[in-house]
Amino acid sequence: MTNHVIENRYINREVSWLQFNDRVLQEADDETVPLIERLRFLGIFSNNLDEFFKVRYATVKRIVEAGKGGKSELGGIKANELLDIITQIVIKQQSDSLEILSKIHKKLEDENIFIINETEIQPSQHHFIKTYFHQKVSPALVTIILSDSIELPNLKDSAAYLAIKLGLANGSNQYALIEISKSMDRFVVLPKKDGKSYIIMLDDLLRYCLDEIFDIFDYETISAHMIKITRDGELDLESDLSKSFIEKISDSVKHRQIGEPVRFVYDKTIDAETLSYLMKKMNIDSTDSKIPGGRYHNRRDYMDFPSLGRTDLLYTKIEALSVKGLNFQDSIFKSIAHKDYLIHTPYHTFSYIVKFLREAALDPKVSNIKITIYRLAQISHVASSLINAAKNGKKVIVSIEIQARFDEQANIDYAQQMQNEGVHLIFGVQGLKVHSKMCVIEREEAHKIIRYGFISTGNFNESTAKIYTDYTLFTANQKILKDINKVFSFFEINYKIYQYKHIITSPHYTEKAFFRLINAQIVNASLGKPAQIRFKMNSLSSYRMVDKLYEASRAGVKIQMVVRGICCLIPGVKGMSENIEVVSIVDKFLEHSRLYIFGPDENAQIYISSADLMTRNIENRVEVSCPIYDEDIKQELLDNFAIFWSANVKARILNETQNNQYKERKEPIIRAQFAIYEYYLNKLKS
């Protein structure tokens, strides 16, 4: 792969994404990670892979079915070749994940935690399991009897099924499918015995009860093997003018469940006859990825593995810190009227955002609240604060993105609720996703309208704020907020292109503005002045942006990048990218913040942003990059980047093969996320 990659100047984004997911798998294999957290990383790995096949694999498959090569879009690899490459990588990763799971199971047994299957059930556990089956499982069970004369119902996307083969007394076979319902707990905790904890997977509980499920059949043999199908996750919107936009999205989310299959995972011990019957029945074809797996699929459920009260097998929870100068007993408006403040979740508490919105909802001087929403929590205090504001007579304008992939349903439900309560909703911009994270509040002071607000790198979501690292800038800078207000005007009048003096926006200006900032460093290098670029982001896949960074490297600009996920750039190649270094940090929290620093410390131009440097973020989304003018916050962000860059625990070097080689550990030992927390703790104490 290496020579092919170098020849094409880029690493293919799908391959790079799979290498990112391999870093997640490394966390599951890391013996320094608490044991139950290792299981949860396996769940994240599996969940990521499901989304990858729904979206990226499905896209490449569409290119193949359209009869196109796709080389220019796919970094120099033909689409049909890429499907094979993906399948081979995934087969290897699935095999690795099974080995890791086996190792974790052994470690759990050392901790007196036993995950048993149907053959290991003890007589003392029989009554509990049968009672659990009758009361909680059997009433919700969906069993599909397969027949040559009846068409197979559409199987649910990414749901796991037990494929049943009954060897009947008359010599024929009867096939059936049992759906592993998402409404039931995948892990059934059995009563403790002699200080030992026992867990049985729902799959194995069903295997234990097969005799009751199929007691109407006269069978001599019975077998059960897990299968799973993943469908194309793209939303296809109808053109029915009589339907509201919410209705169209809602219908499309339901339609996703019957999209074209793109991946078929099966227990590799299934017999050939059963496998052939199922594939024919399910219309699995040559362009679908067929992955032989283990006994259990849907390992994403391990994200919810029960803790069993064993806090010693979990990461120690950090106490979210306060920010000096922001007090929950005082007005946030008064605080930010004098100074900008930066919130860095989860190190700082997300409650400041909710407090700010609740204060705005009650303040008689507040007339307008405008906010963008991308992914809401299932129970959202942000949404309830906005509804509260509308009930208090404020004009509340919410640009809600109900095409936020795989989170549409929560957003749809809240959109309908907010609409019913008088909140004015804007459903994005035709052809663009609104991915920017911002809020503007207008308040009357001394007969003038004064704006307050915040701009963030992350979603206004209480749940993800506990595990995603993100920056939120609270500001009363009227110049910045005037620009932010123009973005909301753009939502209302899409055909008008606004000029911005401070912020950088997609889709109109991001590439041009970033190129201008990079060019300034190229000029500095050509004049023999210090020239430096430091980026932290989730993904880098825009080939035009990669080429620009190559140009800066050739000019002598020193470039350091912390990229969590996809990186199509190949660093360290003589004559192309020898001045570029890239590391990736995957650890306890999901690194989600985007930070762009142009120039050395003394005159650095610094932006926090909702945008990664991907083509979709630059050309097909509404994004905002916000400049940092406050000198204290500038220094804080420079300090943050220095910690990220110096990290030598959980930091991998991204080289031309992206083989996820760990950065060499030298004294002092620095684990970025732990060091960042200590940094903020010390700031509070100082």
Side-chain angles (χ1 to χ4, degrees), residues 1-22 24-25 45-98 155 157-158 227-236 256 258-268 275-276 278-294 297 300 405-406 539 541 543 565-568 570 614-616 657-659:
M1 186 176 82
T2 306
N3 291 338
H4 185 72
V5 163
I6 296 296
E7 176 191 326
N8 288 294
R9 294 168 56 85
Y10 315 110
I11 292 175
N12 169 266
R13 65 170 278 174
E14 281 70 35
V15 171
S16 182
W17 188 95
L18 288 170
Q19 292 307 103
F20 152 66
N21 210 28
D22 200 58
V24 176
L25 196 56
F45 164 82
S46 183
N47 187 62
N48 286 349
L49 207 52
D50 284 348
E51 292 199 7
F52 173 82
F53 273 92
K54 289 178 192 178
V55 182
R56 293 310 309 166
Y57 189 93
T59 299
V60 179
K61 183 184 172 186
R62 287 184 180 196
I63 293 172
V64 172
E65 291 175 342
K68 297 176 182 177
K71 280 185 77 170
S72 60
E73 296 92 347
L74 299 173
I77 303 177
K78 288 183 179 177
N80 58 349
E81 293 175 3
L82 183 56
L83 291 183
D84 290 337
I85 291 169
I86 289 170
T87 298
Q88 292 309 308
I89 293 173
V90 171
I91 287 173
K92 170 70 167 60
Q93 290 183 345
Q94 288 279 41
S95 175
D96 291 345
S97 71
L98 289 173
L155 303 186
D157 172 53
S158 291
I227 65 168
K228 180 173 79 171
I229 191 168
T230 305
R231 299 184 181 278
D232 187 336
E234 200 58 47
L235 292 180
D236 294 310
R256 182 186 277 150
I258 57 171
E260 285 295 308
V262 291
R263 177 180 59 158
F264 178 61
V265 185
Y266 58 92
D267 182 339
K268 58 177 179 267
L275 183 62
S276 175
L278 290 171
M279 287 176 62
K280 184 178 178 182
K281 198 76 176 164
M282 297 163 69
N283 296 318
I284 304 296
D285 61 36
S286 60
T287 58
D288 299 319
S289 185
K290 294 173 280 292
I291 310 290
H297 308 325
R300 64 162 180 250
R405 197 185 301 275
F406 308 123
S539 294
S541 65
Y543 297 142
I566 299 165
C567 182
C568 293
I570 307 165
M614 305 175 76
T615 302
R616 71 181 189 192
T657 59
Q658 294 204 358
N659 60 357

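Residue numbers start at 1 and run along the sequence shown.
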For [X], check side chain to side chain donor-acceptor pair (under 3.5 Å) against everything at least two apart and list the hits.
X	answer
N659	N655
Q93	none
S46	none
S16	Q658

So which heavy atom on [X] is nearest to which on [Y], and how close?
X	Y	value
L98	K268	CD1-NZ, 3.8 Å
L18	L49	CD2-CD1, 3.9 Å
M282	I229	CE-CD1, 3.9 Å

With sequence neighbours left out, what residues match [X] under side chain to side chain contact (heavy atoms under 4.5 Å, CB included)?
X	value
L275	F264, Y266, I270, M279
N47	E51, R300, M303
T615	S542, E619

> K281: what forms a salt bridge (Lys or Arg N to Asp or Glu O under 4.0 Å) with it, not counting sequence neighbours?
Replying inline: none
> Considering residues at least two apart in sequence or located in another chain, which fulfil the salt bridge (Lys or Arg N to Asp or Glu O under 4.0 Å) criterion with D96?
Replying inline: K92
Would you give the length of the straight line joining atom [atom1] of [X] to atom [atom2] of [Y], rounded to the nearest 0.5 angstrom?
X	Y	atom1	atom2	result
S541	W17	OG	CH2	13.5 Å
Y543	R13	OH	CZ	8.0 Å
E14	L83	CD	CG	9.5 Å
I91	I291	CD1	CD1	4.5 Å
N12	Q19	CG	CD	11.0 Å

>> For a side chain to side chain contact (heavy atoms under 4.5 Å, CB included) check, start with the C-alpha distance between I11 and T657, then their side-chain angles and the critical distance, and finish with the verdict.
In response: CA-CA 8 Å; I11 292 175; T657 59; over 6 Å; no
> Heavy-atom distance under 4.5 Å between the side chains of K228 and D50, does that happen here?
Replying inline: yes
> Can you find a pair of side-chain heavy atoms, one from N80 and one from I63, that are under 4.5 Å apart?
Replying inline: no
>> Over 60° means perpendicular and under 30° means parallel, so tell me whether F53 and Y57 are parallel, tilted or perpendicular.
In response: tilted
> Checking side chain to side chain contact (heavy atoms under 4.5 Å, CB included) against S97, which of L25, N21, D22 comes through?
Replying inline: L25
> Quick one: which of D84, V90, I89 gives a side chain to side chain contact (heavy atoms under 4.5 Å, CB included) with I86?
Replying inline: V90
> What do the steps show when you test R56 against I566 for side chain to side chain contact (heavy atoms under 4.5 Å, CB included), and what is the final call?
Replying inline: CA-CA 12 Å; R56 293 310 309 166; I566 299 165; over 6 Å; no
